[in-house]
Amino acid sequence: MSGLHIRERPSPNHDSRGDVIAGTPRIDMLVLHYTGMQSGAAALDRLCDPEAKVSSHYLVEEDGTIWRLVPEERRAWHAGISYWLGETGLNLASIGIEIVNPGHEWGYRPFPEPQMAAVEALGRDIIARRRVPAHRIVGHSDIAPTRKTDPGELFDWPRLARAGIGLWPAPAATLARRRGRGVGIVERAAALSDLARIGYQVEPGNEAPALIAFQRRYRPERWDGRIDGETAGRLVEVREAVDLSLAAAEAAKRDRFRGYQRRVN
Ligand SMILES: [Zn+2]
């Protein structure tokens, strides 16, 4: 690994990613969490406790120390019941990073600079090696919105996006003026369609959890689960960024396939 200093703290909580016919299993998703426990030490203990049956590939402490708990080739148990872009059981395809923070239950607080710098360095390393597309870098609450709130509205997604990790298009300058303003039935339907297109599981009649997860990440000033004018506009911005990322990932896949064909022909 490229100059990253990683300490080892092996967890027994992992299993096989299974055999994919084409060779090695596809690992092309990154899931970010907060630990939601009172200390980093307590979180490490729990993630390594065979009774707890939970784990992640990495844990990043508030001082920036990075621990490896599970080898990337193995399936860690961090996502649970999960959904993104039509896919479920996301432990199989993902790498999980636990970021130490007490979370909403124990005194949620900003993520300190050394910790964010370490998350950034680790994230860049993983997505370069694994070719993780930007639209497949998610928070736990994105993929399990009815159960989870991590890493939460204080997490600095814009900073990571500036470093090439995940999507966070800058909001149009005029967008905030639409906050709290109502939307019509057509705009509401379009907003829910955008939400699903971005990747969220949208349950008809129970759209609020996915909307709140979206807002925590992309409009953290207010996460009330309502589709106001600002949320609808923000959904369009993010959905357009996802469309570009999907197209770029497709093109890259085609290029790799052509390169492969050249080598075998
Ligand atoms: Zn989590």
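Order of listing sets the numbers, starting from 1, for every ligand and every atom in it.
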Taking only distance into account, with no hydrogens and no angle test, what donor-acceptor pairs under 3.5 Å do side-chain atoms of residues 199-214 form with protein atoms, sequence neighbours excluded?
residue : atom : partner : partner atom : Å
Tyr200  : OH   : Asp142  : OD1          : 2.6
Glu207  : OE2  : Gly205  : N            : 3.1

> If you look at every heavy atom in Glu73 and Ile27, which pair is closest and at what distance?
Replying inline: CA-CD1, 4.4 Å
> Ala232 and Glu187: which non-hydrogen atoms are nearest, and at how many Å?
Replying inline: CB-OE2, 3.7 Å
> Which protein N, O or S atoms does the Zn ion (ligand 1) have within a distance shorter than 2.8 Å?
Replying inline: His33 ND1, His140 ND1, Asp150 OD2
>> Cation-pi check for Trp168 against Arg234: NZ or CZ below 6.0 Å from the six-membered ring centre and within 45 degrees of the axis, yes or no?
In response: yes
> Is the closest basic N to carboxylate O distance between Asp28 and Arg136 below 4.0 Å?
Replying inline: yes
> Is any side-chain N of the basic residue among Glu98 and Arg9 closer than 4.0 Å to the acidic one's carboxylate O?
Replying inline: no
